[in-house]
Amino acid sequence: MERPTLRKTDFANIDARVRCPTEDCWGELLLMPTGETDEEGIPAFLPRTMCPLCGGVVEIEQDMSDRELFLRVSHMRANPMEGPHDA
């Protein structure tokens with residue numbers, strides 16, 4: 001069976017979470033850090049994640065860098081009154 005796929009940009013929201021794509025599942029997916037960071041301390045993330053409710057594994061399409069995602073989410077959290085288009 002083929003694993004569902006999400007884009008990394010799907011996680012570019014203030015919570016950095018995405019609803020599990022598995023039918024009838026209400027779990028929320030998070031990016032899982034690898035434990036590695038760049039020279040400025042920005043974490044690297046695995047190319048897949050797992051739902052804590054259904055146990056489904058979801059592949060993550062790398063349509064943006066880990067650095068860009070981290071900075072975008074950090075900006076949204078620091079400026080919650082701005083819309084997502086302002087980030």
Legend entry - Non-neighbouring partners of Asp38 that pass side chain to side chain donor-acceptor pair (under 3.5 Å), sequence neighbours left out: Arg67
Inset, instruction - Answer yes or no: is there a side-chain heavy-atom contact under 4.5 Å between Gln62 and Pro47? - result: yes
Inset, instruction - Apply side chain to side chain donor-acceptor pair (under 3.5 Å) to Ser74 and list each qualifying residue two or more places apart in sequence or on a separate chain. - result: none
Inset, instruction - Measure from the side-chain N and O atoms of Asn13 to the backbone N and O of Ala16, and report whether any donor-acceptor pair falls under 3.5 Å. - result: yes
Legend entry - Rounded distance [0.5 Å steps], CD1 in Ile14 versus CZ in Arg72: 14.0 Å
Inset, instruction - Can you sort out the partners of Arg48 under salt bridge (Lys or Arg N to Asp or Glu O under 4.0 Å), two or more places apart, ordered by chain and number? - result: Glu59
Legend entry - Set of residues satisfying salt bridge (Lys or Arg N to Asp or Glu O under 4.0 Å) with respect to Arg7, sequence neighbours excluded: Asp10
Legend entry - Reported CG-to-OG1 distance for the pair Leu46 and Thr34, which is rounded to 0.5 angstrom: 6.0 Å
Inset, instruction - Kindly say whether Glu68 contributes a backbone atom to a donor-acceptor pair with the side chain of Ser65 at under 3.5 angstrom? - result: yes
Inset, instruction - Examine Met64 and Leu29 and state if one hydrophobic cluster contains both, with Ile, Leu, Val, Met, Phe, Trp and Tyr joined whenever side-chain heavy atoms are less than 4.5 Å apart. - result: yes
Inset, instruction - Any chance you could measure Leu69, atom CG, to Phe11, atom CZ, to the nearest 0.5 Å? - result: 8.5 Å
Inset, instruction - To the nearest 0.5 Å, tell me how far Lys8 NZ sits from Leu6 CG. - result: 12.5 Å
Inset, instruction - Check whether any side-chain N or O of Asp66 sits under 3.5 Å from a backbone N or O of Phe70 as a donor-acceptor pair, and report yes or no. - result: no
Legend entry - Cluster link Met50 to Leu30, ILVMFWY, side chain under 4.5 Å: no
Legend entry - Atom of Cys51, atom of Gly27 and distance for their closest heavy-atom approach: SG-CA, 3.9 Å
Legend entry - Contacts of type side chain to side chain donor-acceptor pair (under 3.5 Å), residue Glu61, not counting sequence neighbours: none
Legend entry - Shared hydrophobic cluster, Ile42 / Met76 (ILVMFWY, side-chain heavy atoms < 4.5 Å): no
Legend entry - Non-neighbouring partners of Pro33 that pass side chain to side chain contact (heavy atoms under 4.5 Å, CB included), sequence neighbours left out: Phe45
Inset, instruction - Without swapping roles, check the side chain of Thr5 against the backbone of Ile60 for a donor-acceptor pair under 3.5 Å. - result: no
